[in-house]
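Reading through the structure tokens given below for one structure.
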Number of protein chains: 2
Amino acid sequence: VTLPAGVHVRIVGTGLIGTSLGLALSRTGAIVSLDDPSTTACALARDLGAGVLAAEVTAAPAVVVVAAPPDAVAAVVVRELAAWPEAVVTDVASVKLAVLEDVSALGGDLQRYVGSHPMAGRERSGAIAAQADLFEGRSWVVAPGPEAGEAATAAVRDLALAVGAAPTRMTPGAHDAAVAAVSHVPQVAASLVAARLRDLPDSAVALAGQGLRDVTRIAASDPMMWTQILAGNAPALRVVLEQLAADLDDVLQAVRQLDDASVASGGGPAGSGPSGTAGRGSRGVLARAVASGNAGHARIPGKHGAAPTAYATVTVLVPDEPGALGRLLHDVGEAGINLEDLHLEHGIGAPVGLAELAVLPAAAEPLTVALLQRGWRVHD
Amino acid sequence: VTLPAGVHVRIVGTGLIGTSLGLALSRTGAIVSLDDPSTTACALARDLGAGVLAAEVTAAPAVVVVAAPPDAVAAVVVRELAAWPEAVVTDVASVKLAVLEDVSALGGDLQRYVGSHPMAGRERSGAIAAQADLFEGRSWVVAPGPEAGEAATAAVRDLALAVGAAPTRMTPGAHDAAVAAVSHVPQVAASLVAARLRDLPDSAVALAGQGLRDVTRIAASDPMMWTQILAGNAPALRVVLEQLAADLDDVLQAVRQLDDASVASGGGPAGSGPSGTAGRGSRGVLARAVASGNAGHARIPGKHGAAPTAYATVTVLVPDEPGALGRLLHDVGEAGINLEDLHLEHGIGAPVGLAELAVLPAAAEPLTVALLQRGWRVHD
């Protein structure tokens with residue numbers, strides 16, 4: 001899918017997303033004009049190749065993309081709708097219902113406004129971190145309001161397709177409920193877990209492992225930006241946070257009961273050995289919490305948004321030498337089997353690695369047979 | 001540091017940790033004997049090169065490492081102390097005070113028992129996931145009780161050093177408080193965040209990004225094992241969970257106030273545009289929560305004690321078709337470069353995937369050049 005040749009896209013806001021979009025669209029042959037309250041930021045995006053300065057273009061844009069900070073988005077959208085009465089206007093804010101309601105309250109033309117949200121980002125911000133391929137292979141939610149025109153919606157969808165993203169249509173409310181669970185609550189949890197490290201002794205923090213690093217990686221995010229995002233999605237965030245708090249309270253009650261039981265019994269904590277007979281119900285609460293996490297985790301998509309649990313895994317020993325993995329995957333291809341996912345495990349200096357080949361369940365046995373015939377060591 | 005030449009180490013429990021330890025110790029020239037209630041599991045560890053079957057060794061061990069499931073550890077430690085009256089006995093359970101108290105309650109020789117905890121693990125369990133380098137560069141807590149002998153403590157320290165770990169001496173209580181914050185509470189948070197995904201529509205889960213994947217990676221952990229760990233550390237876990245629940249309640253109250261204010265004002269949610277004047281105090285709570293997370297995250301140590309993550313990543317676009325990944329890895333092999341790790345990422349409905357190739361830093365640029373020359377699209 002390509003945009004109409006020479007289409008003029010105006011980008012307002014030349015941070016990470018706006019500049020990346022300008023870079024990507026410029027590659028498609030679109031005319032991209034750049035605007036930003038900061039002339040320095042705008043000139044930087046221009047110098048990086050994201051487009052030309054808006055002042056240098058007199059033609060009206062066909063599409064305006066507002067990539068402003070969350071708090072400013074609605075006002076800028078309304079201004080752009082008024083300034084360009086023929087243009088489709090979209091924004092890329094990570095909350096959609098609040099922006100739509102504010103655009104409506106401010107009298108913006110709701111037929112030409114189609115909110116959207118590219119699910120792409122980096123830990124780094126600003127034009128300097130921009131990448132032309134930032135959107136490639138990523139979801140891009142297109143969230144038209146009830147009054148949005150179909151042609152306007154299609155224009156935003158085509159914009160997403162043009163930069164290699166996978167557009168997904170959702171209502172603004174469904175979008176906000178989704179990001180509350182998959183983005184905003186994880187951010188809150190990461191921040192709160194990381195906050196517990198502030199007052200630990202150095203010797204305790206020194207025990208941090210990969211699990212803690214993973215859980216808290218996004219705790220390094222910008223407080224100003226996240227305050228705007230979390231506040232902007234308060235209605236949907238509230239629902240998921242209340243469920244999270246209730247689940248946490250269940251776990252906490254169970255842990256309290258196990259602690260109290262161990263003190264009452266005069267033995268060690270209830271978790272180990274002979275004193276571990278107390279609190280079976282409490283242990284059930286803990287087991288269910290972790291098992292529910294298993295079930296939720298299993299739903300996170302692998303390839304093509306499908307549940308990764310639908311795949312079978314074939315594990316193969318791979319000699320740790322150049323080309324060995326290539327030979328393995330060549331043999332997989334020769335067997336006519338498509339890999340759904342692949343993960344390589346090996347240690348430093350280990351003479352072999354383990355390649356985990358995820359395939360459709362029906363392909364697991366033929367693949368195993370084919371690889372064994374070709375001399376590979378295959379494990380279940 | 002090396003163990004005495006030909007020292008005999010007995011490992012009881014041939015799961016991930018026991019087998020990895022056997023692999024690592026065997027490389028140092030130690031005699032490793034393996035025991036496990038499951039003869040199949042034990043034979044697998046032997047076949048992988050972790051040591052010899054215990055039945056084949058008649059000499060008494062100098063050191064016994066109990067790598068049994070948490071609930072069984074104390075009883076096995078006491079049995080081993082009695083069976084080998086000259087041996088130092090350690091365990092590798094992730095909770096230390098409960099084990100010590102149970103060993104004491106069961107009448108074990110507290111002078112020869114020195115609990116320990118290697119801060120190493122994987123999402124996968126069992127001998128098949130074992131790695132000889134699992135402990136390299138990792139912390140290994142040595143947590144002697146008040147009655148433990150110095151020679152016994154030194155023997156456990158030397159064992160940790162021999163397999164490349166960094167021994168850290170802590171009291172059992174200090175250890176348990178530390179792991180509550182850096183390991184057990186992150187596990188609870190990851191599980192609870194992942195559990196919120198169970199009942200989401202597919203379209204919502206499809207928006208999952210890297211942030212969610214990171215936060216919830218350890219939510220795939222084994223419920224049985226984690227129930228034992230969390231229950232075993234109830235006293236220390238309770239303290240940190242209560243703080244976490246209080247922090248979460250603050251955030252929830254702020255989000256409720258922002259939601260209520262936006263409903264009362266009749267405008268959109270309070271997060272954006274002109275209706276965003278309500279709830280400055282609530283926004284302050286959110287900003288402080290994220291900023292506290294920044295401060296806690298900044299305390300996590302970098303490279304030292306971290307997973308060996310000093311790799312550079314080269315990201316390559318791979319067409320979603322049979323054999324494409326094989327061609328890529330063939331080309332990597334042709335370039336004479338050894339992959340350290342590989343991860344594949346696909347978006348929903350995207351015609352391409354992203355292969356993330358991890359290589360030694362010095363190999364990143366040559367690899368990029370070689371792949372570009374062969375026609376691959378390479379990202380930084």
Side-chain angles (χ1 to χ4, degrees), chain A residues 74 98 101-102 137 166 178 182 186 189 191-195 197-198 204-205 208 210-212 214-215 217-220 223 226-227 231-232 234-235 238 241 247 252 255 258-259 268-269 271-273 286-287 290-293 296-297 299-300 303 305 322-323 325-326 329-330 333 338 344 347, chain B residues 74 98 101-102 131 133 178 186 189 191-195 197-198 204-206 208 211-212 214-215 217-220 223 226-227 231-232 234-235 238 241 247 252 255 258-259 268-269 271-273 286-287 290-293 296-297 299-300 307 322-323 326 329-330 333 342 346-350:
Chain A
E101 290 178 349
D102 286 340
V182 305
S191 294
L192 297 183
V193 169
L197 307 177
R198 272 174 316 170
V205 189
Q210 194 55 44
L212 179 69
D214 287 342
V215 171
R217 185 181 60 82
I218 56 174
W226 272 97
T227 300
R238 173 183 188 156
L241 276 184
D247 288 351
L252 180 52
V255 169
L258 286 161
D259 183 27
S272 71
L286 299 181
V290 181
S292 293
H297 179 265
R299 292 201 64 207
I300 298 176
K303 188 183 183 184
L325 197 57
L329 296 203
H330 173 80
N338 198 15
L344 189 61
Chain B
E101 290 178 349
D102 287 340
Q131 298 178 319
D133 57 16
S191 295
L192 296 183
V193 169
L197 307 176
R198 271 175 315 171
V205 189
L212 179 69
D214 287 342
V215 171
R217 185 180 60 82
I218 56 173
W226 272 97
T227 300
R238 173 182 188 156
L241 276 184
D247 288 351
L252 180 53
V255 169
L258 287 161
D259 182 27
S272 69
L286 299 182
V290 181
S292 293
H297 179 265
R299 292 202 64 206
I300 299 175
L329 298 202
H330 173 80
L342 183 150
H346 286 268
I348 338 165

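These numbers come from a predicted model, not from an experiment. In what follows, every chain begins at residue 1, and chains take the letters A, B, ... in the order their sequences are listed.
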Whether A:Arg238 side chain and B:Val255 backbone form a donor-acceptor pair below 3.5 Å: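 Such a contact is absent between A:Arg238 side chain and B:Val255 backbone.
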Taking every non-hydrogen atom, the tightest pair across B:Val290 and A:Pro223: CG1-CA, 3.6 Å
Non-hydrogen atoms of B:Ala231 and A:Leu286 that approach each other most closely: N-CD1, 3.9 Å
At what distance, to the nearest 0.5 angstrom, does [atom1] of [X] lie from [atom2] of [Y]?
X	Y	atom1	atom2	result
B:Arg217	A:His297	CZ	NE2	8.5 Å
A:Leu241	B:Asp259	CG	CG	11.0 Å
B:Leu197	A:Ile300	CG	CD1	5.5 Å

Listed partners of A:Arg198 passing salt bridge (charged side-chain N to carboxylate O under 4.0 Å, His left out), at least two apart: none
Which atoms of A:Ile218 approach chain B - backbone, side chain, both or neither, heavy atom under 4.5 Å: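 Side chain only.
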Side chain to side chain contact (heavy atoms under 4.5 Å, CB included) partners for B:Ala204, two or more places apart: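 With sequence neighbours excluded, B:Ala204 shows a side chain to side chain contact (heavy atoms under 4.5 Å, CB included) to A:Ala178, B:Leu200, B:Pro201, given in chain and number order.
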Close side-chain approach of B:Val215 and A:Asp214, heavy atoms under 4.5 Å: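 With C-beta onward as the side chain, the pair stays apart.
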Selection from A:Ala291, A:Ala189, A:Gly293 maximising heavy-atom pairs under 4.5 Å formed with chain B: A:Gly293
